Amino acid sequence: MEYNFRKIEKKWQQQWKDSGVYKVVNETQRPKYYVLDMFPYPSGTGLHVGHPLGYIASDIYARYKRLKGFNVLHPMGYDAFGLPAEQYAIEHGIHPAISTENNINTFRKQLDNIGFSYDWSREVRTCDPGYYKWTQWIFLQIFDSWFNRKLEKAQRIETLIGIFEKEGNAGYEIPNEKFKIEGSGKKHFTAVDWKTFDEKTRQEILMQYRLAYLAYTDVNWCEALGTVLANDEVINGVSYRGGFPVVKKKMRQWNLRITEYAERLLIGLDEVDFSDSMKEIQKNWIGKSSGAEISFKVKSDGPIEKSLRVYTTRPDTIFGVDFMVIAPEHELVNEITAKSSKAAIAEYLQYVQSRSDVERMAEVKKITGCFTGAYAINPFNGREIPIWIAEYVLIGYGTGAIMGVPCGDERDHKFAKHFDISITNIIGPHYNGEEANPTKDAILTNSNFITGMVMKDAIGKVIDKIEETGIGKRQVNYKMRDAGWSRQRYWGEPFPVVYRDNIPYAMDEKDLPLELPPSDDFKSAGNGEGPLANVKDWIYISEQEKRDTNTMPTHAGAAWYFLRYTDPHNDKKFADKKALDYWNQVDVYIGGAEHAVAHLLYSRLWVKILHDLGYLNFDEPFRKLINQGKITGDSRFVYRIRGTNQFVSYGLKKNYETDELHVDVNIVNGVELDTEAFKNWKPDFAGAEFILEEGKYQCGTAIEKMSKSYFNVINPDEVVEKYGADTFRMYEMFLGPLEASKPWDIKGIEGVHRFLKKLWRLFFDEVKGKLWNDDKATEAELKVLHKTIKQIEEATDRFSFNTGVSGFMIAINELTDLKCNKKEILEKILILLTPYAPHIAEELWNHLSNKGSILDAAYPDCDPKFLLESSKEYPISVNGKLRTTMDIALDAAQQDIEKMVLDNMVIQKWLDGKSPKKIIFVKGKMVNVVV
RNA sequence: GCCCCGGUGGUGGAAUUGGUAGACACGCAGGACUUAAAAUCCUGUGACCCGCAACGGUCGUAACGGUUCAACUCCGUUCCGGGGCACCA
C-alpha cells in the first residue's frame with residue numbers, strides 16, 4: 001500500500017466538513033485560546049503561494065493548542081469592501097457585490113485545498129448588511145462620545161452636555177485650538193452661555209468634541225481615483241494604489257479623533273507582544289516629542305500686540321537663537337510684515353502657493369525663505385531676533401513657528417549660511433563653524449544663566465524658568481493627525497446619519513443597517529462627491545433630510561471583525577458580552593507587516609473606545625502579533641533581439657541588442673526554457689527562433705514581488721496537486737523562519753515529500769503490507785520519542801515551525817535506522833505530527849488504532865528521564881561507574897565530585913572554593929564548571 | 001540624515017539562558033539495485049594541514065578590537081544588506 005496523498009487528503013477534508021469537527025462552542029469549561037489570521041481582501045487574482053504562509057502557521061498553532069486541551073477559536077472571513085471591486089465594476093460593468101462573491105468562492109476553494117481547521121460557521125464578510133449594521137452601530141457609539149482628558153478616556157456625549165449645563169467648558173479645552181464659537185468669536189463659554197446657544201451652535205460645539213466628527217479639513221484629494229485618501233494611503237505625494245497625484249483640498253469630511261488617544265496608543269505598546277520593528281513603526285507614526293512652547297514679544301514697524309509662539313524640543317538652546325521661522329500660512333504673517341518687506345513677502349507667498357506637495361517633497365534640500373522685517377525679543381536677554389518665513393516650517397505641526405539655532409540644528413545651519421545670518425556659538429569647541437552639532441552633552445557657553453551647564457540638564461531648568469515667568473509651558477506634541485474617515489466611493493459602509501439643516505444626527509439603532517442603495521453607476525458624481533450622490537432618491541429622504549454621500553474606508557470593517565467572530569450571528573448586539581468576555585483578546589494574531597500603521601492603529605483605537613464605553617473588559621485587541629514574511633517571486637526572462645522574433649540565451653545576450661521579457665516560470669525548468677512550450681505560450685511567439693548555448697536556452701533570473709504581470713505567480717493549487725497539502729504545508733514552514741521574507745523556491749520540496757513517504761514506510765511495506773506491532777519499545781526508541789516530543793513542543797511554542805519540521809525529519813530518520821515499527825511509538829509521533837500534516841496523520845492513525853479521530857487525541861507529555869542523551873551533557877566514568885553530568889550535579893553527597901576536583905587544578909581555580917552546580921563535558925573531558 | 005532589525009558552508013537555514021558551530025534539507029560527488037531510467041537506499045561533503053589510521057592538528061559565524069576558563073551569542077568601532085521615518089523643530 002503506497003502513500004496516495006490525493007485520495008487521503010480528499011477523504012479527510014470531506015470527513016472533517018461532514019462531521020463539523022472544527023466547530024467551536026462558546027460554552028465550555030476548557031480554557032480558551034484565540035488564534036487569528038488577518039482576513040484577506042478577496043482580490044480577483046486568487047491566492048498565490050505567499051498568502052497561505054501565515055494561514056498555515058496559524059493553523060498549526062491552532063491545532064497544536066487544541067491538542068493541548070484548549071478551546072481554540074480559529075476563524076476566517078473576508079475584508080470584502082474596497083476600491084478594487086469598484087474599479088473592476090467601472091471597467092467591466094459587473095456589480096461589486098457579484099465580483100466579490102465570485103472572488104470569495106475562488107478563495108474558499110483554494111483555502112479548502114490546504115486542509116485548514118477554520119470554523120467556517122463563524123465566517124464574516126464586511127460587505128454583508130448583517131455585519132456592517134454593527135460597523136455603523138460602532139461608528140455611532142464613537143460619534144456619540146468625547147474624550148475626557150482629565151480621566152483620559154472616552155465618555156458618552158451626554159456627560160459633556162451635563163458639564164456644559166453646569167459649568168460651561170472652562171475646564172474642558174476644545175481640542176481644535178483654532179475653533180471659535182459663532183457669534184462670540186471665543187473659545188470658552190459659561191453654563192449661562194450654553195443655555196442661550198441655539199441648536200445649531202450647540203451641535204457645532206459638540207462636534208468639536210466628538211470622537212467621530214465632521215470638519216472642513218485639508219484632505220488628500222486624488223482626482224484620478226475621485227476620492228480622498230488617508231495619510232497612510234499617500235506615499236511620496238502619490239496614491240498608494242495606482243500612483244496617481246494627490247493634492248490638498250479643503251472638504252467637509254468625517255474624521256476620527258485618534259489624536260486624543262495618541263498617548264494611550266503609545267503606552268499600550270508596552271503591554272503587547274509585537275516585534276521591535278512593528279512597535280517602532282507605530283511609535284514613529286504617533287511621533288511623540290516633548291519640549292516647550294515659548295512666547296516671544298514681537299516688534300515690527302512698531303510693537304505688535306500678539307506674541308509669537310514657537311515650539312521647541314530644545315529649550316536649552318534658547319541663547320543660540322539667531323532667527324525665527326514661521327510657516328508661510330501662519331496667521332501672523334500679514335500682521336508682522338514690515339512695510340519695507342511687503343513686496344518681497346508677497347512674492348514669496350506667491351511662489352509657495354505655486355508649489356505642489358510633490359514638488360515640495362521632491363526638493364526637500366532646496367533652501368528658500370524671506371525676511372519679514374519683524375523681530376522677536378528674546379525674553380531672557382532682550383536680544384532682537386529676525387523673523388523669517390520659509391516653506392520648510394509646516395503649519396500643521398507644533399505652533400507652525402520655530403526658533404532657529406544654527407549651531408545645533410543642521411537645517412537651521414544651512415538656512416543661516418544660505419541667507420548669511422550670523423551664528424551664535426553656545427557649545428564652545430563642539431561647534432566647528434562648518435556644520436551643526438545636535439549634541440545634548442556639550443557644556444553651554446554664551447548662555448546667560450545656564451552657562452556652564454550640560455545641555456541635557458539645562459532643558460528642565462529653562463522650562464522651569466519659562467513656566468515661572470509665565471512666558472511659556474511644558475508641551476508634548478504628536479505627529480499623528482486625526483484620521484480622515486470619508487471616502488467618495490460606493491462600495492463601503494454608508495454613514496448612518498441624517499442631515500437636518502446641514503447638521504448630522506445619528507440614525508436610530510432600530511433603523512440599522514443603513515443599506516447601500518442598489519446602483520450600477522459607480523463613477524464619482526463630481527464636485528468632490530462620491531457615486532452615492534448619483535442615487536438622488538436615496539440621498540434626499542425629504543426636503544429637510546439628507547443622507548451622507550460618502551462611505552467609510554475599508555479600515556472600518558476591519559477595525560473590529562475579530563470581535564464579531566466571537567458571536568457572528570447575533571442580530572441584537574455586535575457580540576454578546578459573555579462571548580466577548582470569554583474569548584477576550586486575540587492571543588496570537590498573524591499577518592503581514594504592511595498593516596502596521598493603518599489597520600492595527602484603527603483596531604487598537606476602536607477597542608480602546610469600546611472598552612472606555614464599557615463594552616469590552618480589555619483595551620488592547622491583540623496580545624501577540626507575528627508578521628509573516630513575504631514570499632517573493634523568482635522571475636525568469638528571455639531576451640529578444642530587437643526587431644526580430646529571435647531569442648538569445650542569457651550567456652550570449654551581450655552580443656546583441658535585446659529586450660528583456662518576463663516569461664512564465666511554469667515553462668522554465670530551473671533556468672532552462674522549454675522552447676516548445678514557449679512557442680505555444682503566446683501566439684506572438686509561435687514562430688520564435690532560438691540562439692542556444694550548449695544546446696540549451698538559459699533564462700535570466702530576478703527576485704521580485706509575486707505578480708501576474710511578471711508571470712512568476714505560483715498557485716498553491718498546482719503545488720498541492722503535485723505533492724499534496726501536507727507536503728505543501730510542511731514545505732512552506734520548512735522554507736525558513738516565519739517572519740523572514742524569502743523567494744519561492746521549489747527545489748527543496750522533494751525533501752519534505754520524501755520525508756512523508758519515509759514516514760509512510762514505517763507503517764506500510766509494498767510487499768509485506770502493514771508493519772506495526774504491539775511489541776514493547778526499547779530504551780533507544782523511547783529516547784527518540786521523548787526527545788522528539790520535547791523538540792517539537794518547544795519549537796511549536798516559539799513559532800519556530802521550520803525547526804519543528806526538521807525535528808520530525810530527524811525522528812523519522814532515527815526510527816528508520818532503529819527499524820522501529822512499534823505501535824506505542826508511532827502513535828505518539830502521529831499525534832505530534834497532526835498540526836503540521838493533519839491528513840496523513842489522521843489516515844495512519846485510522847489504520848493504527850480504533851481510538852476515534854486523532855483530532856481528539858491529547859498531546860503527549862515527554863518524560864525527562866529519556867532526555868539525558870539529547871541534552872548537551874555526556875556520560876563519564878566516575879569511580880568506575882558511568883555517570884551523567886546531570887546525575888553528578890544532582891547528587892547531594894557530591895563526594896565523587898570533590899574527589900574529581902582534587903585531581904584537577906584547573907577546576908579548582910574555576911570553583912574558587914564553592915561547590916559546583918553544573919559541569920560541562922566535551923567529548924568526555926571536563927571543560928567547565930558552573931558555580 | 002535619523003531610528004529599528006539582520007550578516008553563519010555551494011544554497012535555504014539549525015544552535016532555548018554564553019558551553020561540542022554548521023542540526024535538518026537542497027545541491028554536488030561516489031556507490032548499491034536496474035538492460036536502462038525513474039523511484040529507493042548507502043557513503044562523503046566548511047577550509048587547510050598531517051597521515052596506514054584515528055573519536056589527530058590549525059583556522060573558521062561580515063571586519064577589527066574588548067570582556068570571559070569559554071563568545072555566532074555580551075560590549076565597542078567599522079563595513080554591508082533589509083525595513084521604517086523623513087523639512088516634525
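Computation of the quantities below employed the complete heavy-atom set of this structure, encompassing side-chain atoms and omitting hydrogens, waters and symmetry-equivalent molecules. Proteins get letters first, then strands, A, B, ... in listed order; numbering begins at 1 in each. These numbers were taken from a predicted model, which means no experiment stands behind them.
- Nucleotide B:G9 is shown with a syn base, its glycosidic torsion being within 90° of 0.
- Across B:U61 and B:G22, the matching P atoms stand 14 Å from one another, rounded to whole Å.
- Computed from coordinates, the A:Lys414 NZ to B:A89 P distance equals 17 Å when rounded to whole Å.
- Aromatic rings from A:His753 and A:Phe5 are positioned such that their centres are separated by under 6.0 Å.
- For A:Met809 and B:G13, the CE to C1' distance is 12 Å, given to the nearest whole Å.
- The partner of B:C26 is B:G10, judged by Watson-Crick or G-U wobble contacts that both fall below 3.5 Å.
- Which of B:C85, B:G13, B:C4 sits closest to the side chain of A:Glu280 comes down to B:C4.
- Closest approach to the A:Ile402 side chain among B:C42, B:U16, B:A89 is made by B:A89 (side chain taken as heavy atoms from C-beta onward).
- A:Asn712 and A:Lys705 are not linked by any side-chain donor-acceptor pair at a separation below 3.5 angstrom, with hydrogens and angles left out of the test.
- Nucleotides B:A14 and B:G6 have their P atoms positioned 13 Å apart, rounded to a whole Å.
- If you check B:U77 for Watson-Crick or wobble pairing at under 3.5 angstrom, you find it paired to B:A63.
- Taking atom C1' on both B:A25 and B:U77, the two are 37 Å apart, rounded to the nearest angstrom.
- Taking atom CG of A:Leu269 as the reference point, atom P of B:C3 lies 19 Å away to the nearest angstrom.
- OP1 or OP2 of B:A14 lies within a sub-4.0 Å distance of a side-chain N or O belonging to A:Asn802.
- Pairing of B:C72, defined by two Watson-Crick or G-U wobble distances under 3.5 Å, is not identified with any nucleotide.
- Among the heavy atoms of the strands lying under 4.0 Å from A:Leu394 is at least one base atom, whether or not backbone atoms are also near.
- In terms of position on RNA chain B, the residue among A:Thr816 and A:Ala740 whose nearest nucleotide sits closer to the 5' end is A:Ala740.
- With salt bridges taken as basic N to acidic carboxylate O contacts below 4.0 Å, none links A:Asp316 and A:Lys456.
- Regarding A:Glu329, its CD atom lies at a distance of 14 Å from the P atom of B:C87, rounded to whole Å.
- With a 4.5 Å cut-off on side-chain heavy atoms, A:Tyr64 and A:Asp797 count as touching.
- A distance of about 50 Å separates the C1' atoms of B:G84 and B:U40, rounded to the whole Å.
- B:G27 and B:C33: their P atoms are spaced 23 Å apart (whole Å).
- In summary, A:Glu794 and A:Arg798 do not engage in a salt bridge, as defined by a charged side-chain N under 4.0 Å from a carboxylate O.
- Between A:Lys758 and A:Asp409, the one whose closest nucleotide on RNA chain B sits nearer the 5' end is A:Lys758.
- A:Val393 comes within 4.0 angstrom of a nucleotide base, judged by non-hydrogen atoms across all strands.
- When each of B:C24, B:G84, B:U16 is scored by its nearest atom to the side-chain atoms of A:Phe734, the top-ranked nucleotide is B:C24.
- For the pair A:Lys757 and B:U40, the criterion of a side-chain N or O lying under 4.0 Å from OP1 or OP2 is met.
- Rounded to the nearest 0.5 angstrom, A:Ile402 CD1 and A:Met324 CE are separated by 9.5 Å.
- Looking at heavy atoms from C-beta onward, A:Tyr348 lies out of side-chain contact with A:Val333 at the 4.5 angstrom threshold.
- Between A:Ser289 and B:A89 there is a side-chain N or O to OP1 or OP2 distance below 4.0 Å.
- Separating the CD1 atom of A:Ile367 from the C1' atom of B:C87 is a distance of 11 Å, rounded to the nearest angstrom.
- Contact annotation: A:Asn813 reaches the phosphate of B:A25 (side-chain N/O to OP1 or OP2, under 4.0 Å).
- The partner of B:U58 is B:A47, by the rule that a Watson-Crick or G-U pair needs both atom distances under 3.5 Å.
- Base pairing annotation: B:A32 forms a Watson-Crick or G-U wobble pair with B:U40, both donor-acceptor distances under 3.5 Å.
- In the set B:C87, B:A89, B:C24, B:C24 carries the atom at the smallest distance from any side-chain atom of A:Ile810.
- Distance from the side chain of A:Thr313 is smallest for B:A89 among the nucleotides B:U16, B:C24, B:A89.
- Taking every side-chain heavy atom of A:Ile281 into account, B:G84 is the closest of B:C87, B:C5, B:G84.
- Taking the P atom of each, B:G30 and B:A38 are spaced 14 Å apart, rounded to whole Å.
- Not one side-chain nitrogen or oxygen of A:Tyr311 sits closer than 4.0 Å to the OP1 or OP2 atom of B:A89.
- Atom C1' of nucleotide B:A89 and atom CD1 of A:Ile294 are separated by 12 Å, given to the nearest angstrom.
- Heavy atoms of A:Lys747 sit under 4.0 angstrom from primed sugar atoms or phosphate atoms, though from no base atom.
- Looking at A:Tyr397 and A:Ser289, their side chains do bring a donor and an acceptor atom within 3.5 Å of each other.
- Within the shown strands, B:C85 is the pairing partner of B:G1 under the Watson-Crick or G-U definition, both distances less than 3.5 Å.
- Between A:Leu738 atom CG and B:A14 atom P there is a gap of 12 Å when expressed in whole angstrom units.
- Contact of the A:Phe764 side chain with the A:Glu2 side chain is not registered, since no non-hydrogen atoms from C-beta on lie closer than 4.5 Å.
- In terms of phosphate contacts, A:Arg761 brings no side-chain nitrogen or oxygen within less than 4.0 Å of OP1 or OP2 of B:A39.
- Nucleotides B:U16 and B:C69 are separated by 23 Å at their P atoms, to the nearest Å.
- Across B:U11 and B:C28, the matching C1' atoms stand 11 Å from one another, rounded to whole Å.
- For the pair A:Ile746 CD1 and B:G27 P, the interatomic distance rounds to 12 Å; values are reported in whole Å.
- Note on A:Arg754: every side-chain N or O is 4.0 Å or more away from OP1 and OP2 of B:C41.
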